[in-house]
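Order of the sequence lines sets the chain letters (A, B, ...), proteins ahead of strands, with each chain counted from 1.
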Amino acid sequence: MSSLYFYNSLTRVKEEFKPITPNHVGMYVCGPTVSGESHLGHARPFITFDIVYRYLMQLGYKVRYVRNITDAGHFEEEGRASEDKISSKAILEKLEPMELVQKYTNLFHWAMKEFNNLEPSIEPTATGHIVEQIVMIERIIADGYAYIVNGSVYFDVDKYHADFSAKGMKYGILSGRILEDQLETTRELESQEEKRNKSDFALWKSAAPEHIMRWKSPWGEGFPGWHIECSAMSNKYLGAEFDIHGGGMDLQFPHHECEIAQSAVCNHKIPARYWLHNNMITINGRKMGKSYNNVIKLSELFSGNHEILTQAYTPMTVRFFILQTHYRSTLDFGNEALQAAEKGFRRMWDAYSLLMKFNVEKGVSASDAALEKQCTEILHALDDHMNDDLNTAKVLAGLFELVPVINSIKDGHIKMNALSSETLLLMQEKFKVYLVDIFGLKDEKKQDDQKLNSVLELIAEIRKDARAKKDFATSDKIRDQLLKAGIQLKDEKGGGVSWEYV
RNA sequence: GGUCCUGUGGCCGAGUGGCUAGGCAGAGCUCUGCAAAAGCUUCUACAGCGGUUCGAAUCCGCUCGGGACCUCCA
């Protein structure tokens with residue numbers, strides 16, 4: 001079996017994955033900012049890194065997966081005017097920041113569960129780690145790489161760059177940016193005048209009187225800058241140097257670049273070895289994002305309640321849709337594409353269900369050597385695809401090539417003994433491992449109601465009798481009415497009947 | 001303006017030098033009382049121009065188009 005390779009954004013090449021501590025992996029992924037509801041674009045990193053997490057565990061690693069909740073900062077609730085936050089109202093009328101944060105954290109967790117994402121090992125919040133952030137900022141100040149202005153603290157990028165370039169940690173090492181160019185091209189921003197240089201970034205921001213989230217610090221009341229929380233929390237739970245840091249490509253600069261600079265000052269190391277970045281989900285070729293006003297929230301996606309949606313899409317449809325593309329490619333949203341994913345997933349899952357019902361006899365050798373060879377080649381290539389920087393699209397394509405074989409065995413077009421026992425068992429194993437264990441897919445239509453099943457068996461029996469008497473009016477009535485109730489009957493070749501929930 | 005990425009058939013997408021990617025949609029056929037499902041067959045491709053090469057979607061150059069980041073951002 002091949003070994004696992006990741007494309008490392010830091011080195012810009014595919015590298016073999018070797019953990020720092022044998023058999024253990026530390027992984028940090030930038031989590032959501034819980035000031036609003038998650039949208040389709042947010043789903044991608046969390047599904048992508050859930051696959052990474054699952055795959056590493058499948059390979060036998062013990063993984064500590066840390067994904068933060070950003071619940072501190074300059075928050076405003078969606079659609080709510082900022083003057084609402086001014087503290088002249090009665091306490092229950094005022095916007096209580098932790099209430100807002102709780103609401104969107106709950107919604108985020110709901111969405112993660114819908115997607116069947118595993119829970120991370122640790123899910124630290126920024127508000128729960130104010131102390132760690134302050135300690136880290138103090139250290140950066142003490143080392144001379146940050147300065148205080150009016151109760152705010154800024155990181156001195158110029159000085160950092162001058163001193164750390166020689167140590168192989170220049171500012172821009174991750175994003176490929178050249179600091180000298182940055183100085184010319186960075187746009188004008190508010191409170192820019194406080195900074196010595198445009199490229200400097202905030203470690204701590206002094207809170208204006210109406211600002212609702214504030215903590216005491218050595219520099220006055222305020223709140224932490226955006227980048228410091230990830231550095232503080234990854235350092236606390238994964239150490240000064242860990243294996244994998246993940247997130248969306250749009251975080252590469254400035255967020256991850258700044259994380260490297262902060263950690264480099266404190267620990268003299270680039271915090272993570274492998275930097276993995278997923279690409280964006282686009283809509284009409286444009287990144288889905290608040291500023292483009294083209295977001296589809298997850299609740300809207302699942303309910304179909306959005307003007308550009310022609311129907312609702314289930315979480316597994318979305319998951320399958322994302323898996324059919326390589327994580328470093330952009331993925332363009334469209335109703336046609338989602339519908340294709342919906343049908344494709346169903347076809348795949350139906351075949352998988354059939355496959356697992358096969359009673360494979362032991363010790364049978366293949367009677368169709370060509371088919372045997374074809375199938376084993378596909379099966380053995382799956383791991384290579386996955387190891388090649390998580391090419392889930394190719395894994396799925398491989399599995400899809402086996403679907404007609406499974407269906408043909410079921411329909412009797414291909415005899416079960418065309419394939420050897422080993423190959424059939426391997427097929428069962430690989431389908432299960434990839435679809436369920438690694439890709440985290442699940443049946444959304446499954447009904448385990450024993451009573452209902454008994455009733456359906458009875459109805460199927462009655463319909464069978466009607467058909468035997470060529471009473472098609474009755475048999476069609478049963479079928480049509482059940483379909484209206486969401487149960488589709490399928491007459492099978494041998495006279496049997498199967499049904500599924502639609 | 002700077003840095004970088006990208007352009008594959010009706011749609012979504014793999015693929016980096018020679019082998020049918022795959023899914024969905026379309027067409028035909030088979031099975032079937034009909035339907036659904038399934039199976040088989042099949043139609044649309046590598047933005048354009050030039051170069052390297054025995055051979056390029058794949059490498060190089062130019063032209064045109066799209067996008068990301070440089071500001072909160074998954």
Distance, rounded to the nearest Å, where [X] contributes [atom1] and [N] contributes [atom2]:
X: F108(A); N: A74(B); atom1: CZ; atom2: C1'; answer: 10 Å
X: Q252(A); N: C4(B); atom1: CD; atom2: P; answer: 13 Å
X: H245(A); N: A74(B); atom1: NE2; atom2: C1'; answer: 12 Å
X: Q488(A); N: A38(B); atom1: CD; atom2: C1'; answer: 13 Å
X: N335(A); N: C12(B); atom1: CG; atom2: P; answer: 12 Å
X: L382(A); N: G22(B); atom1: CG; atom2: P; answer: 15 Å
X: I281(A); N: G13(B); atom1: CD1; atom2: C1'; answer: 14 Å
X: D250(A); N: A74(B); atom1: CG; atom2: P; answer: 7 Å

Whether H39(A) and H42(A) hold their rings parallel, tilted or perpendicular, with breakpoints at 30° and 60°: tilted
Measure from the side chain of [X], starting at C-beta and using heavy atoms only, and say which of [options] lies closest.
X: D476(A); options: A68(B), A21(B), C34(B); value: C34(B)
X: H413(A); options: C34(B), G39(B), G2(B); value: G39(B)
X: D332(A); options: A74(B), C34(B), G13(B); value: G13(B)
X: D491(A); options: C70(B), A74(B), C34(B); value: C34(B)
X: R177(A); options: A36(B), C70(B), G13(B); value: C70(B)
X: K394(A); options: A74(B), A38(B), A14(B); value: A14(B)

Phosphate OP1/OP2 of [N] contacted by [X] side-chain N/O (<4.0 Å):
X: N407(A); N: G39(B); value: yes
X: Y292(A); N: A68(B); value: yes
X: T33(A); N: A74(B); value: yes
X: S291(A); N: U71(B); value: no

Using a distance-only criterion (donor-acceptor N/O pair, under 3.5 Å, no hydrogens), is the base of [N] paired with the side chain of [X]?
X: N279(A); N: C5(B); answer: no
X: R479(A); N: C34(B); answer: yes
X: N391(A); N: G15(B); answer: no
X: R44(A); N: A74(B); answer: no

Heavy atoms under 4.0 Å is the rule here; annotate nucleotides 23-32 of chain B 5' to 3' with B where the base is hit, S where only the sugar-phosphate is, and - elsewhere. BSS-----B-
Are side-chain N/O atoms of [X] and [Y] paired as donor and acceptor at under 3.5 Å?
X: R44(A); Y: N279(A); answer: no
X: E37(A); Y: S299(A); answer: yes
X: Y313(A); Y: E342(A); answer: no
X: Y434(A); Y: D383(A); answer: yes

For a 4.5 angstrom cut-off between non-hydrogen side-chain atoms, does V318(A) reach L40(A)? yes
Touch check for [X], heavy atoms < 4.0 angstrom, all strands: base, sugar-phosphate only, or nothing?
X: G247(A); value: sugar-phosphate
X: H255(A); value: nothing
X: L331(A); value: sugar-phosphate
X: M288(A); value: base
X: S475(A); value: base
X: G285(A); value: sugar-phosphate

Taking 5.5 Å and 30° as the limits, would you call F472(A) and the base of G33(B) a stacked pair? yes
If you take all heavy atoms of V295(A) and H306(A), which pair is closest and at what distance? O-NE2, 3.3 Å
Would you measure the distance from the [atom1] atom in [N] across to the matching atom in [M] and give it in whole Å?
N: C12(B); M: C46(B); atom1: C1'; value: 16 Å
N: U20(B); M: C34(B); atom1: C1'; value: 36 Å
N: G48(B); M: G65(B); atom1: C1'; value: 11 Å
N: A74(B); M: G15(B); atom1: C1'; value: 26 Å
N: G28(B); M: A37(B); atom1: P; value: 16 Å
N: G7(B); M: A45(B); atom1: C1'; value: 13 Å
N: U63(B); M: G26(B); atom1: C1'; value: 35 Å
N: A21(B); M: A57(B); atom1: P; value: 12 Å

So salt bridge (Lys or Arg N to Asp or Glu O under 4.0 Å) across residues 249-261 of chain A, not counting sequence neighbours, yields D250(A)-K287(A)
Report, one line per pair, each donor and acceptor closer than 3.5 Å where one atom sits in a side chain of residues 392-405 of chain A; sequence neighbours left out.
residue, atom, partner, partner atom, Å
T392(A), OG1, L323(A), O, 2.7

Can the ring centroids of F115(A) and F46(A) be said to lie less than 6.0 angstrom from one another? no
Where at least one partner belongs to residues 325-359 of chain A, residue pairs that pass ring-ring contact (aromatic ring centres under 6.0 Å, His included), sequence neighbours excluded: F320(A)-F345(A), F345(A)-W349(A), W349(A)-Y352(A)
Between K470(A) and G31(A), which residue's closest nucleotide on RNA chain B lies nearer the 5′ terminus? K470(A)
Can you give the dot-bracket line for RNA chain B, where a pair is Watson-Crick or G-U wobble with both atom distances under 3.5 Å, crossing pairs use [ ], and | marks a partner on another strand? (((((((..(((.....[...))).(((((.......)))))....(((((..]....))))))))))))....
Ring-face cation of R177(A) near F253(A) (centre distance under 6.0 Å, axis angle within 45°): yes
Listed pairs under 3.5 Å, donor-acceptor, residues 474-483 of chain A side chains, sequence neighbours left out:
residue, atom, partner, partner atom, Å
T474(A), OG1, D471(A), OD1, 3.1
T474(A), OG1, D471(A), OD2, 2.5
S475(A), OG, F472(A), O, 3.2

